[in-house]
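Nothing fancy with the numbering, it's 1 onward along the sequence. Not measured: the values here are computed from a predicted model.
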Amino acid sequence: MTHLPFSCGTERRVERVADGALWLKSWLSLDEQSALVDRCRILMDEGGYVPTVRGGGKMHVRMRCLGRHWNPLTYRYESTRADHDGQPVPPMPDDWTALASRMAADAGFSFRPDICLINHYDADGRMGVHQDKDESPASIAGGIPVVSLSLGDTARFLFGGLKRRDPVQSLFLESGDAFVFGGAARLRYHGVSRILSGTAPAGLRLEGRFNLTFRQF
């Protein structure tokens, strides 16, 4: 199933993509998005970097972590950016925790995130299909969700099954959309294959896409 892009400004609506996976469309107003984009710019200017993964390859995004740092060399969460500059990880803002908790509640989940990964995708940005499985065993076993928020350019988001070779859906996530997956969908494979340049709302004054991914370790 492929969902084509739709114009910004449509009313909020929820689409159930799979058991435990809900797409919250147009969930944030333009003003809310703009305030988040401004803060993401500051955080990324202060400490964003392009991670190097195991094997020496470079990721196709710029990253900044709050709460805990995801180390792309060890696939573990840490208190410092040991793979980059050794600096301590800044805390996640309380209002971001509250925002992610509300979005999860709108999808039917109880959620108190303590991690936010901020990724910035330029026109060539992408993220290979993967599972989010580096949180604690208790978090994963409990089906505690991942909450993903899109800001800026539309992304072609790939959402598969519990096995890498399962069929994949293509979803066009627009600015202000949230995607929540937990419960039976917690370990589904997912990724980003394309950024649709020039599709961000003009009021954001943003080239590319910020993705905020909230997790509960």
(request) Would you kindly confirm whether Met92 and Val147 end up in one hydrophobic cluster when ILVMFWY residues are joined by side chain heavy atoms under 4.5 Å apart? (result) yes
(request) In plain terms, say whether Arg41 and Asp38 are close enough for a salt bridge, that is, a side-chain N and a carboxylate O under 4.0 Å apart. (result) yes
(request) Would you kindly say whether Trp27 and Asp177 are connected by a side-chain donor-acceptor distance under 3.5 Å? (result) no
(request) May I have the step-by-step check of side-chain contact (heavy atoms from CB on, under 4.5 Å) for Met59 and Val53, ending in yes or no? (result) CA-CA 7 Å; Met59 294 181 68; Val53 297; 3.4 Å; yes
(message) Out of the candidates Val37, Leu149, Val61, Asp153, only one should pair with Phe210 under the side chain to side chain contact (heavy atoms under 4.5 Å, CB included) rule; please name it.
(response) Val37
(message) Take a 6.0 Å sphere around CD of Glu207 and say whether it holds more than 12 heavy atoms from other residues, nucleotides or ligands.
(response) no
(request) May I ask you to say whether Arg39 pairs ionically with Asp95, meaning some side-chain N is under 4.0 Å from a carboxylate O? (result) yes
(request) Answer whether the closest heavy-atom distance between the side chains of Ser175 and Leu204 falls below 4.5 Å. (result) yes
(request) Kindly give the heavy-atom pair with the smallest separation between Gly183 and Phe109, and that separation in Å. (result) N-CE2, 3.7 Å
(request) Measure the spacing between CE of Met103 and CZ of Phe179 and express it to the nearest 0.5 Å. (result) 13.0 Å
(message) With no hydrogens and no angle check, just 3.5 Å: does a side-chain donor-acceptor pair link Arg126 and Ser193?
(response) no
(message) Is it the case that the side chain of Arg68 and the backbone of Pro91 share a donor-acceptor pair, with hydrogens and angles ignored and the cut-off at 3.5 Å?
(response) no
(message) Given 3.5 Å as the limit, does a donor-acceptor pair link the side chain of Arg156 with the main chain of Leu171, or not?
(response) no
(message) Tell me whether the count of non-hydrogen atoms from other residues, nucleotides or ligands lying under 6.0 Å of CG in Asp94 goes above 12.
(response) no
(message) Working to the nearest 0.5 angstrom, can you tell me the gap between Leu66 CG and Asp114 CG?
(response) 11.5 Å
(message) On a heavy-atom basis, which atom in Pro145 and which in Val180 lie closest, and how many Å separate them?
(response) CB-CG1, 3.9 Å
(request) Using the six-membered ring wherever Trp is involved, compare the ring planes of Phe159 and Phe157 and label them parallel, tilted or perpendicular (cut-offs 30° and 60°). (result) parallel
(message) So which atom in Ser34 and which in Gly203 form the shortest heavy-atom distance, rounded to 0.1 Å?
(response) OG-O, 4.4 Å
(request) Any chance you could lay out the side-chain hydrogen bond (donor to acceptor under 3.5 Å, both in side chains) test for Asp132 and His130, step after step, and finish with the verdict? (result) CA-CA 7 Å; Asp132 287 346; His130 63 283; 3.2 Å; yes
(message) Test your reading of the model: is there a side-chain donor-acceptor pair from Ser101 to the backbone of Thr97, 3.5 Å cut-off?
(response) yes
(request) Compare every heavy atom of Ser148 with every heavy atom of Asn211, then report the nearest pair and how far apart it is. (result) ND2-OG, 2.8 Å
(message) Within the structure provided, determine whether Ser79 and His69 are in side-chain contact (heavy-atom separation under 4.5 Å).
(response) no
(request) Please determine, by modelled atom types, if Arg12 and Ser26 share a side-chain donor-acceptor pair under 3.5 angstrom. (result) no
(request) With Arg64 as the cation and Tyr49 as the aromatic partner, state whether NZ or CZ is under 6.0 Å from the six-membered ring centre and within 45° of the axis. (result) no
(request) Could you grab the distance from atom OG of Ser139 to atom CZ of Arg186, nearest 0.5 Å is fine? (result) 5.5 Å
(message) Determine whether Ile195 and Asp122 satisfy the following criterion, side-chain contact (heavy atoms from CB on, under 4.5 Å), listing intermediate values before the conclusion.
(response) CA-CA 7 Å; Ile195 301 299; Asp122 62 17; over 6 Å; no
(request) Test Leu196 against Phe172 for side-chain contact (heavy atoms from CB on, under 4.5 Å), laying out the working first. (result) CA-CA 9 Å; Leu196 280 63; Phe172 287 87; 4.0 Å; yes
(message) Any carboxylate oxygen within less than 4.0 angstrom of a Lys/Arg side-chain nitrogen, looking at Lys25 and Glu174?
(response) no
(request) Check step by step if side-chain contact (heavy atoms from CB on, under 4.5 Å) holds for Leu173 and Trp23. (result) CA-CA 9 Å; Leu173 302 185; Trp23 184 1; 3.4 Å; yes
(message) Salt bridge or not between Arg76 and Glu135? Use side-chain N to carboxylate O under 4.0 Å.
(response) no
(message) Could you see if Leu117 belongs to whatever hydrophobic cluster contains Tyr75? Use Ile, Leu, Val, Met, Phe, Trp, Tyr and a side-chain cutoff under 4.5 Å.
(response) yes
(request) Report yes or no: do Leu212 and Leu43 belong to one cluster of Ile/Leu/Val/Met/Phe/Trp/Tyr joined by side chain heavy-atom distances under 4.5 Å? (result) yes
(message) Contact between Thr213 and Cys116 at the side-chain level, heavy atoms closer than 4.5 Å - yes or no?
(response) no
(message) Taking the side chain as everything from C-beta on, heavy atoms only, tell me whether Asn119 gets closer than 4.5 Å to Met127.
(response) yes
(request) Please examine the side chains of Tyr77 and Asn71, heavy atoms only from C-beta on, and report whether any two atoms are closer than 4.5 Å. (result) no
(message) Tell me if the CZ atom of Arg165 is crowded by more than 12 foreign heavy atoms within 6.0 Å.
(response) no
(request) Find out whether Asp85 and Thr80 are in side-chain contact, i.e. whether some heavy atom of one side chain is under 4.5 Å from a heavy atom of the other. (result) no
(message) Could you see if Leu187 belongs to whatever hydrophobic cluster contains Val168? Use Ile, Leu, Val, Met, Phe, Trp, Tyr and a side-chain cutoff under 4.5 Å.
(response) no
(message) With rounding to the nearest 0.5 angstrom, report the CZ to OG distance, Arg215 to Ser136.
(response) 12.5 Å
(request) State whether the side chain of Asp166 and the backbone N or O of Leu162 hold a donor-acceptor pair below 3.5 Å, judged by distance alone. (result) yes
(request) Determine whether Tyr121 and His60 make a side-chain contact, defined as any pair of heavy atoms from C-beta on separated by less than 4.5 Å. (result) no
(request) Measure the shortest side-chain to side-chain distance between Ile118 and Met63 over non-hydrogen atoms and say whether it is less than 4.5 angstrom. (result) no
(request) Show your reasoning for whether side-chain hydrogen bond (donor to acceptor under 3.5 Å, both in side chains) applies to Ser150 and Arg209. (result) CA-CA 7 Å; Ser150 296; Arg209 171 184 185 248; 2.8 Å; yes
(message) Hydrophobic clusters here meaning ILVMFWY residues chained together by side-chain heavy-atom distances under 4.5 Å, can you tell me if Leu151 and Ile115 are in one?
(response) no
(message) Is the distance from the ring center of Phe181 to that of His190 below 6.0 Å?
(response) yes
(request) Working to the nearest 0.5 Å, report the span between CZ of Arg194 and OG1 of Thr154. (result) 10.0 Å
(message) Can you tell me how the ring of Trp96 sits relative to the ring of Phe214, calling it parallel under 30°, perpendicular over 60° and tilted otherwise?
(response) perpendicular
(message) For the backbone of Leu28 and the side chain of Gln33, can you confirm whether one donor and one acceptor N or O come within less than 3.5 Å of each other?
(response) yes
(request) Output all residues satisfying side-chain contact (heavy atoms from CB on, under 4.5 Å) with Thr52, sequence neighbours left out; order by chain, then residue number. (result) Lys58
(request) Determine the minimum heavy-atom distance between Pro51 and Pro72, stating which atoms define it. (result) CB-CG, 3.6 Å
